[in-house]
Amino acid sequence: METENSNTSRAEELKQLANEAFKGHKYSQAIDLYTQAIELNGENAVYYANRAFAHTKLEEYGSAIQDGTRAIEIDPRYSKGYYRRGAAYLAMGKFKDALKDFQQVKKLCPNDPDATKKLKECEKAVMKLKFEEAISVPESQRRSVADSIDYRSVGSGPGSSYVSTKTTAVSAAAALMGVLVVYMGTKAATMVEAAASAALLMVLITFLWGRCSDGFFTKSRTLELEVEPQYAGARIEGDVVTLDFVKKMLDDFKNQKNLHKRYAYQIVLQTREMLRALPSLVDIVVPQGKHFTVCGDVHGQFYDLLNIFELNGLPSEDNPYLFNGDFVDRGSFSLEVILTLFAFKCMCPSAIHLARGNHESKSMNKIYGFEGEVRSKLSEIFVELFAEVFCCLPLAHVINEKVFVVHGGLFSVDGVKLSDIRAIDRFCEPPEEGLMCELLWSDPQPQPGRGPSKRGVGLSFGGDITKRFLQENNLDLVVRSHEVKDEGYEIEHDGKLITVFSAPNYCDQMGNKGAFIRFEAPDMKPNIVTFSAVPHPDVKPMAYANNFLRMFS
């Protein structure tokens with residue numbers, strides 16, 4: 001009994017230490033301390049719920065769901081267990097699962113205004129999801145937005161630059177649905193009223209869709225792409241994106257000025273054409289005596305991207321870069337980041353290489369801000385256009401037949417060859433399993449073998465998996481990103497794997513450094529450079545994110 005009391009007291013002390021670490025944004029340390037408390041007293045639901053919250057801060061949503069579930073098993077009436085699990089489901093885009101948990105929170109805490117508010121937001125998110133599913137077009141019938149835009153003929157007459165009327169109708173419907181959803185949150189008394197209103201809207205959309213087909217509307221819609229005489233921003237002359245244009249655009253972005261839509265279309269469409277022609281695994285050759293720079297996640301932190309170029313030089317044929325995915329989301333200057341990277345790609349294709357990250361996807365962009373930012377700064381059409389272009393991004397790169405670079409990590413099966421990666425049909429939204437999913441989502445672990453993903457997608461893989469993959473493919477090193485690191489990087493698996501993360505003070509709260517890696521040919525030894533965050537305008541991270549998600553940020 002005395003030992004049991006001692007363990008309980010020590011567990012409480014560890015919980016308090018963990019709480020202090022959490023308040024100081026030391027989330028990994030907090031997780032370790034909560035774990036020690038659990039080892040001494042594994043029947044305290046609070047410890048699991050608190051650890052779930054810390055996992056959420058590190059985007060380890062799979063682990064957060066496990067901890068929330070365990071808290072519920074210990075105490076089915078502990079509302080925080082449902083709350084933490086629901087928040088993790090939400091962050092993964094599993095709105096229906098989140099709704100069930102927040103319904104339970106409301107049931108346990110009927111008079112809690114915060115629980116009521118979050119339940120209403122979750123109901124709206126699920127309703128919007130159902131609507132989008134209802135109006136979605138089968139893949140076989142889907143028309144490319146990019147193929148319906150001709151930026152070159154802007155100004156030559158009505159209809160010369162257009163998008164399909166069906167696209168316009170669906171975009172208008174989505175906007176109308178957004179208004180309806182907001183209205184529901186304040187006016188609708190019941191979900192029955194919401195369903196009735198949604199059904200009415202569906203009748204309208206069905207009518208519009210049908211009329212688009214039979215010529216009720218004109219066959220095309222002129223885009224408002226004329227460049228106004230008073231526009232003083234960066235301009236592209238003809239088809240060639242020049243360094244002078246890029247520098248002017250960067251200066252405009254730095255002063256929070258937008259690029260004209262006409263030039264944004266040109267940059268995105270030209271980049272799409274280049275990316276479509278690339279294989280899923282790109283081989284890069286760095287000549288002897290030359291160097292090559294690999295950057296990790298940037299996550300919409302435009303001013304830190306400018307700092308990378310200040311420290312390491314602008315991309316050029318003699319100063320090439322690889323940006324290893326997760327260019328967008330969370331940071332509120334994601335559009336500036338992606339247009340910058342795409343513009344350099346247009347200027348000189350060999351100056352910059354781009355890999356897909358797990359955030360270059362519709363599901364992530366819808367939740368974490370990029371979709372809302374694009375809609376705010378450009379238009380709905382650009383939301384669809386970026387989604388198409390992201391599906392063209394390569395999945396991995398090999399530098400000088402020695403260094404394998406991928407956003408996430410390795411695989412759930414042995415024997416994967418580089419030829420298997422080249423053979424992946426990547427022109428789609430990321431699946432929830434398989435090689436493509438694992439390339440974008442997996443993480444290394446310190447112990448050997450494989451384990452479940454702490455994110456809830458992909459897997460965790462040990463040093464033995466890394467070494468075997470390198471040996472079987474005659475490679476020396478894996479470079480990956482995907483995880484925030486205190487120093488901006490971490491060397492693991494006996495030096496065979498490096499994580500590089502290039503968004504310092506991630507989300508304005510993590511306090512981490514950023515890093516990039518310079519390789520010098522022919523030996524290709526990694527030289528890691530770290531840097532700190534720089535000031536940016538007073539626009540908070542997640543400013544354009546899903547309303548519901550911002551409530552938890």
Side-chain angles (χ1 to χ4, degrees), residues 28 58-60 62-63 280-284 286 292 294-297 322-326 353 355-358 394-424 430 433-502 515-519 523-528:
S28 295
L58 292 178
E59 302 177 18
E60 298 170 355
S63 296
S280 291
L281 174 66
V282 176
D283 290 292
I284 297 172
V286 183
F292 190 88
V294 178
C295 296
D297 303 37
L322 165 59
F323 282 85
N324 197 29
D326 281 13
H353 301 266
R356 193 173 193 174
N358 61 300
L395 302 177
H397 294 74
V398 172
I399 308 172
N400 281 17
E401 300 182 337
K402 293 183 177 182
V403 183
F404 179 73
V405 188
V406 66
H407 180 73
L410 301 182
F411 312 102
S412 57
V413 295
D414 289 330
V416 175
K417 298 293 196 295
L418 297 182
S419 57
D420 297 318
I421 300 171
R422 287 192 184 93
I424 295 173
E433 59 183 10
L435 297 186
M436 181 172 171
C437 170
E438 291 161 1
L439 285 164
L440 301 180
W441 279 97
S442 294
D443 295 293
Q445 65 181 20
Q447 61 270 32
R450 296 180 174 92
S453 168
K454 55 194 175 185
R455 299 175 187 269
V457 189
L459 73 147
S460 298
F461 59 95
D464 56 329
I465 307 299
T466 298
K467 291 173 188 174
R468 190 152 57 241
F469 173 79
L470 292 173
Q471 289 170 358
E472 290 175 350
N473 289 282
N474 196 28
L475 298 164
D476 294 341
L477 179 68
V478 172
V479 173
R480 43 91 61 179
S481 305
H482 196 40
E483 285 185 285
V484 60
K485 297 295 181 181
D486 287 345
E487 294 301 314
Y489 73 97
E490 186 171 357
I491 301 173
E492 302 173 78
H493 296 177
D494 296 327
K496 294 296 185 181
L497 182 145
I498 302 176
T499 297
V500 59
F501 192 85
S502 303
F516 54 82
I517 306 175
R518 279 175 63 105
F519 291 95
D523 62 4
M524 299 303 289
K525 299 298 182 186
N527 176 31
I528 301 171

Task: Contacts of Lys496 that satisfy salt bridge (Lys or Arg N to Asp or Glu O under 4.0 Å) - sequence neighbours left out - done: none
Open item on the list: For His482 and Asn358, which I'm curious about, is there any donor-acceptor pair between the side chains at under 3.5 Å?
Closed with: yes
TODO: Check whether any side-chain N or O of Asp464 sits under 3.5 Å from a backbone N or O of Gly449 as a donor-acceptor pair, and report yes or no.
DONE: yes
TODO: Have a look at Val405 and tell me which of Val282, Val500, Val294, Ile498 forms a side-chain contact (heavy atoms from CB on, under 4.5 Å) with it.
DONE: Val294
Open item on the list: For a salt bridge (charged side-chain N to carboxylate O under 4.0 Å, His left out) check, start with the C-alpha distance between Glu483 and Lys454, then their side-chain angles and the critical distance, and finish with the verdict.
Closed with: CA-CA 12 Å; Glu483 285 185 285; Lys454 55 194 175 185; 2.9 Å; yes
- [ ] Would you confirm whether Ser460, through its side chain, and Pro444, through its main-chain N or O, come within 3.5 Å as a donor-acceptor pair?
- [x] no
TODO: Of all the heavy-atom pairs spanning Leu410 and Thr466, show the shortest one and how long it is.
DONE: CD1-CA, 3.6 Å
Task: Option from Lys485, Arg450, Arg455 for which salt bridge (charged side-chain N to carboxylate O under 4.0 Å, His left out) with Asp443 holds - done: Arg455
Task: Main-chain N/O of Lys525 paired with Arg518 side-chain donor or acceptor, under 3.5 Å - done: no
Task: Check against side chain to side chain contact (heavy atoms under 4.5 Å, CB included), Leu435 and Val416 - done: CA-CA 9 Å; Leu435 297 186; Val416 175; 3.9 Å; yes
- [ ] Please check if the side chain of Asn324 supplies one atom and the backbone of Cys295 the other of a donor-acceptor pair under 3.5 Å.
- [x] no
TODO: Only counting residues at least two apart or in another chain, list the ones meeting salt bridge (Lys or Arg N to Asp or Glu O under 4.0 Å) with Glu59.
DONE: Arg330
TODO: Under the ring-ring contact (aromatic ring centres under 6.0 Å, His included) rule, collect the residues that match up with Phe404, sequence neighbours excluded.
DONE: Phe469
- [ ] Ignoring hydrogens and angles, tell me if any N or O in the side chain of Asp326 forms a donor-acceptor pair with the backbone of Gly296 under 3.5 Å.
- [x] no
Task: Check: Tyr489 main-chain N/O paired with Thr499 side-chain donor or acceptor under 3.5 Å - done: no
- [ ] Please name all residues satisfying salt bridge (Lys or Arg N to Asp or Glu O under 4.0 Å) with Asp494, sequence neighbours left out, ordered by chain then number.
- [x] Lys467
- [ ] Please round to the nearest 0.5 Å and tell me the distance separating atom CG of Leu439 and atom CG of Leu395.
- [x] 6.0 Å
Task: salt bridge (Lys or Arg N to Asp or Glu O under 4.0 Å) partners for Arg356, two or more places apart - done: none
Open item on the list: Which residues pass the ring-ring contact (aromatic ring centres under 6.0 Å, His included) test with Phe519, not counting sequence neighbours?
Closed with: none
Task: Test item: Asp420 side-chain N/O and Lys417 main-chain N/O as donor-acceptor pair under 3.5 Å - done: yes
- [ ] Output, in order, the C-alpha distance, side-chain angles, deciding distance and verdict of side chain to side chain contact (heavy atoms under 4.5 Å, CB included) for His353 and His397.
- [x] CA-CA 9 Å; His353 301 266; His397 294 74; 3.9 Å; yes
- [ ] Taking all non-hydrogen atoms of both residues into account, name the closest pair between Phe461 and Gly409 and its distance.
- [x] CE2-CA, 3.7 Å
- [ ] Establish, from distance only, whether the side-chain atoms of Ser280 and Arg422 form a donor-acceptor pair under 3.5 Å.
- [x] no
Open item on the list: Do Leu497 and Glu490 make a side-chain contact, defined as non-hydrogen atoms from C-beta onward lying under 4.5 Å apart?
Closed with: no
